[in-house]
Amino acid sequence: MWRPEDSSGCRGGAPSGTGALRSRAPRARTTRPSRGCLRRESRAGERREVFLRNDNLFSGACPRVPKIADVLRGALTGQDIELKGWIYRTRTIGGKAFVVLRDSSGVLQVAVSRESVPADQFEGAERALIESAATAKGTIVADKRAPGGYEMRAKEFHVVSFAEKFPIQQDLSEEFLLDVRHLWVRSQRMTSIFRVRHTVFGAVHEYFRGEGFFEVHPPMITPVGSEGGATLFNVEYFGKKAYLTQSWQLYAEALALSMEKVYYIGPSFRAEKSRTTRHLTEYWHCEMEEAWAGMDDVLKHAERVIEHAAHRAAEENPEDLKFLGRDPDLLVKVHTPFEHITYDEALRRLKAKGMEIEWGKDLRTLEERALTEGMGQPIIVSRYPRVSQAFYKRRDPANPELVLGFDVIAPDDVGEIVGGSERETDLEYLKQAIVEFGEDPAHYEWYLDTRRFGNVQHAGFGMGMERLIQWICKLDHIRDAIPFPRTPARFSP
RNA sequence: GCCGUCGUAGCUCAGUCUGGUAGAGCCCCCGGCUGUUAACCGGGUGGUCUGCGGUUCAAAUCCGCACGACGGCGCCA
């Protein structure tokens, strides 16, 4: 059985639906295989058969029915309605079958009485296994004895498709849940996250469009990378070597000189064997680039887009957030400007906490956690040492040892969610930097044209969408921020 | 790339230290129960103990090698 809460620490597992199965209420039939048949077949060692009622199924239009959430609000009490969903749990006692049905909005108990429905329908309600699809018609009543306070008294109950034994039970290991991810996506935990993810993506589009940015689309297949150190996935491109993109960085700069203010949300790929709770090999990257702008200009967009996404999630998905353990009030209180410190200041703060960092070293996970400890919203750290920063970041005119780059660092152990910078505009300096960083200048000739034709001050950043969602939903692991996570050890299902 | 933990029924685990007939709970199946709330009660099916090799009269258990998964660090978004 599904369990709404289990004590194993593995993600309290009540499923609450994903979306509509395109099904249609079947007509009443008098003959239908029962689970008794299934039992005899499985005992004979044959493959367990899944029965479908094929009359009118999956053909043409599918009539709309109310959602369970409306029933639970009390809006339909006393009415005769039809519901469609999946069986979450069944209990049978004497002549009554209590079938808990879930749809994408919630779960509701359907009381199926032997006297109230045809015999084959009662048998179906009694025998259908977890995650069988079913439709029910009946009267909605308020009843204290029912979980949630409401139930349907069924007049008709049709099993649309009998499920096989559902593999997800109580006591779930992380490993097993990843193996059956295609079924685990039906869980209440996953569907809650997906709804927030939906809101966050919408909010990011909303923000940039509202600020006059154009959505543009860089290629996924590229001849070169842009981030020194990051590893690229190889693609065999008609006998030539190509790569999956790890950043739209270079294309963004080209497009910013075309459309001035551009943004994009799409997948990025990193072939790094990073085994952490913050890394995916395939993740959704939001990137923006702006011409006639400096670091401080784009930094404002970074904090404001995060603020907007946090507020929208709190508005639209408060119940989901609570279910996930994130207090929506904390997100409501997110406000700009975020606290903004320099790398040098970060080092001073860390020293005060007893963490001595050598100047020039990047901030590690440990240090990022120390800097954001106890904070309710992200902070910004800027002006990093030039060493070990990507070649395209502009030197700080006030101190050539620094670059005009910044990170947005989130609390709750999520860490860096945004990395951005003002871009270097000096052509000769760039050529030299490319060589210095071990890259082949020949691969970057097209990019250098951006400095030869209409070169202007410009800046941009990249934001990890799953990291943002991880922070907003307070997730322990980034892989739950995306339906089918890709990590070094796993790319299936 | 480095470090650690684990692998026994469909699932979650005990059994391994101290070698001697493969165990429990859940799922599923059968029976009972006229309002269940993760229902409950009784009975039952279900095993390549990750793989290969070694030690031994005897290996889930001891030794070696391999594979797989998970966790942490580094790197990054």
Side-chain angles (χ1 to χ4, degrees), chain A residues 1-10 12-14 35-36 38-40 42-43 45 48 88-100 107 109 111-115 127 129-130 143-149 151 153 164-180 227-231 246-247 249 267-281 283-287 302 361-366 368 388-390 407-410 414-420 461-468 470-471 476-479 481 487-490:
Chain A
M1 296 283 285
W2 283 96
R3 309 287 178 152
E5 273 97 27
D6 64 70
S7 54
S8 67
C10 290
R35 207 159 67 180
L38 298 176
R39 171 177 57 80
R40 282 192 293 278
S42 61
R43 281 206 173 144
R48 195 180 191 109
Y88 167 63
R89 184 184 299 128
T90 61
R91 291 178 286 269
T92 307
I93 179 162
K96 281 190 173 133
F98 297 100
V99 180
V100 180
V107 298
Q109 174 165 287
V112 185
S113 175
R114 195 188 291 279
E115 295 86 45
R127 292 180 176 280
L129 299 184
I130 302 302
D143 191 322
K144 277 182 226 152
R145 296 171 300 181
E151 71 177 13
R153 302 274 164 79
E164 298 182 36
K165 197 167 114 181
F166 200 62
I168 300 178
Q169 322 287 347
Q170 66 171 359
D171 300 329
L172 310 156
S173 68
E174 204 58 52
E175 178 185 350
F176 178 70
L177 288 178
L178 289 167
D179 286 341
V180 293
E227 307 275 344
T231 328
Q246 60 183 1
S247 165
Q249 177 59 49
S268 273
F269 306 89
R270 301 279 164 102
E272 299 161 350
K273 289 188 179 170
S274 300
R275 287 207 58 94
T276 79
T277 56
R278 304 172 302 285
H279 285 85
L280 295 167
T281 53
Y283 67 99
W284 286 70
H285 210 164
C286 167
E287 303 185 85
K361 295 279 183 193
D362 222 344
L363 301 179
R364 296 175 304 166
T365 308
L366 198 70
E368 289 182 350
S388 84
Q389 293 285 326
D407 288 341
V408 179
I409 301 169
V414 174
E416 183 181 344
I417 56 180
V418 172
F461 66 78
M463 175 166 72
M465 292 297 286
E466 284 78 15
R467 287 187 181 176
L468 176 60
Q470 184 185 1
W471 176 66
D476 293 338
H477 203 296
I478 195 170
R479 68 178 156 223
T487 57
R490 187 184 281 278

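This structure is a prediction, so every number in the text was calculated from the model and none was measured. By convention in this document, chain letters (A, B, ...) are assigned in the order of the sequence lines, proteins followed by strands, and residues within each chain are numbered from 1.
In this view, A:R490 and A:D179 satisfy the salt bridge (charged side-chain N to carboxylate O under 4.0 Å, His left out) rule, not counting sequence neighbours. Considering only residues two or more places apart in sequence or on other chains, A:H279 meets the ring pair (Phe, Tyr, Trp, His ring centres under 6.0 Å) condition with none of them. A search for salt bridge (charged side-chain N to carboxylate O under 4.0 Å, His left out) contacts involving A:E368 returns nothing, not counting sequence neighbours. Residues satisfying the salt bridge (charged side-chain N to carboxylate O under 4.0 Å, His left out) test with A:E151, not counting sequence neighbours, are A:R153. Residues meeting the ring pair (Phe, Tyr, Trp, His ring centres under 6.0 Å) test with A:Y283, sequence neighbours left out: A:H285.
Among the atoms of the strands shown, none is found under 4.0 Å from any heavy atom of A:V100. Within 4.0 Å (heavy atoms only), A:D143 reaches at least one base atom of the nucleic acid. Among the heavy atoms of the strands lying under 4.0 Å from A:T277 are primed sugar atoms or P, OP1, OP2 only; no base atom is included. Using a 4.0 Å heavy-atom criterion, one finds that A:A146 contacts the bases of the nucleic acid, with or without backbone contacts as well. The residue A:L280 sits close to a base: some heavy atom pair falls under 4.0 Å. Within 4.0 Å of A:I417, counting heavy atoms only, lie sugar-phosphate atoms of the nucleic acid but no base atom. Nucleic acid contact class of A:Q109 (heavy atoms, under 4.0 Å, all strands): base. As judged by a 4.0 angstrom heavy-atom cut-off over every strand, A:T365 is placed among residues touching the sugar-phosphate backbone only. The residue A:F176 sits close only to the backbone: its heavy atoms come under 4.0 Å of sugar-phosphate atoms, none of a base.
Between the side chain of A:K165 and the base of B:C28, no donor-acceptor pair of N or O atoms lies under 3.5 Å.
For A:R278, taking side-chain heavy atoms from C-beta onward, the closest of the listed nucleotides B:C76, B:A69, B:U34 is B:C76. Closest contact between the side chain of A:R490 and the listed nucleotides B:C70, B:A77, B:G35 involves B:C70.
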Please list, pair by pair, any protein nitrogen or oxygen found under 3.5 Å from a nitrogen or oxygen in nucleotides 1-7 of chain B.
residue	atom	partner	partner atom	Å
B:G1	O6	A:K273	O	3.2

